[in-house]
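Only a predicted model underlies this, so the values are computations on that prediction, with no experimental measurement involved. Read the numbers this way: they start at 1 and go in the same order the structure lists the ligands and their atoms.
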Amino acid sequence: VTRRRVAILVAVGLLAVVVVTVPSASPVTPPGEREVRVRARQYAYEPAMVRASRGDRVTVVLEAEDMTHGLYVDGYDREVVAVPGQPARLTFIADRPGKFRLRCSRVCGPLHPFMLGDLIVEPYDGFWRAAALTVLAATGTVLYLLAGPREGPA
Ligand SMILES: [Cu+2]
């Protein structure tokens, strides 16, 4: 085994470790159950952003604090309405990645149109790690073969 081949093996190995362990901005958890409590009052949701991984079974528990509010999820066409003192649940599968508006669906005052939030559904990044490892393995194999001793008549 040539020195160059050893160097290539070490480099590919280290890069593989980086690909597997690098922290991700998106939730790394595989798809599963996700329950988020969202409090609603004039004219905001708290939290205003709901995050999920693609494939999650998301349950939003909507709690109205001052008066009746709704929560409509753009793109998923789902709605839940909560009356003060009676939290309401909305469960859906986050099967579409992207950013979707949450809108209050009950007129709750003059600023009601501005009562907004966001649902962010991020692709499960296990897929990207696997793809990166595949590319890395293929590149490493090619480099390894190219770095070998020349064969054939000298
Ligand atoms: Cu409202």
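Among the atoms of His112, none of the N, O or S atoms falls under 2.8 Å from the Cu ion (ligand 1).
The backbone N or O of Leu62 sits nowhere less than 3.5 Å from a side-chain atom of Arg39 that would complete a donor-acceptor pair.
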Which atom pairs, donor and acceptor, lie under 3.5 Å between side-chain atoms of residues 88-96 and protein residues at least two apart or in another chain?
{"residue": "Arg89", "atom": "NH2", "partner": "Glu35", "partner atom": "OE1", "Å": "3.0"}
{"residue": "Thr91", "atom": "OG1", "partner": "Thr59", "partner atom": "OG1", "Å": "2.9"}
{"residue": "Arg96", "atom": "NH1", "partner": "Gly75", "partner atom": "O", "Å": "2.1"}
{"residue": "Arg96", "atom": "NH2", "partner": "Gly75", "partner atom": "O", "Å": "3.4"}

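For Ala11, there are no side-chain contact (heavy atoms from CB on, under 4.5 Å) partners two or more places apart in sequence or in a different chain.
In this structure, Leu111 and Gln42 have side chains that are not in contact, with every pair of non-hydrogen atoms separated by 4.5 Å or more.
Rounding to 10 degrees, one finds that the Cu ion (ligand 1) sits at the corner of an angle of 100° between Cys108 SG and Met115 SD. Rounding to 10°, one obtains 120° for the angle at the Cu ion (ligand 1) between ND1 (His69) and SG (Cys104).
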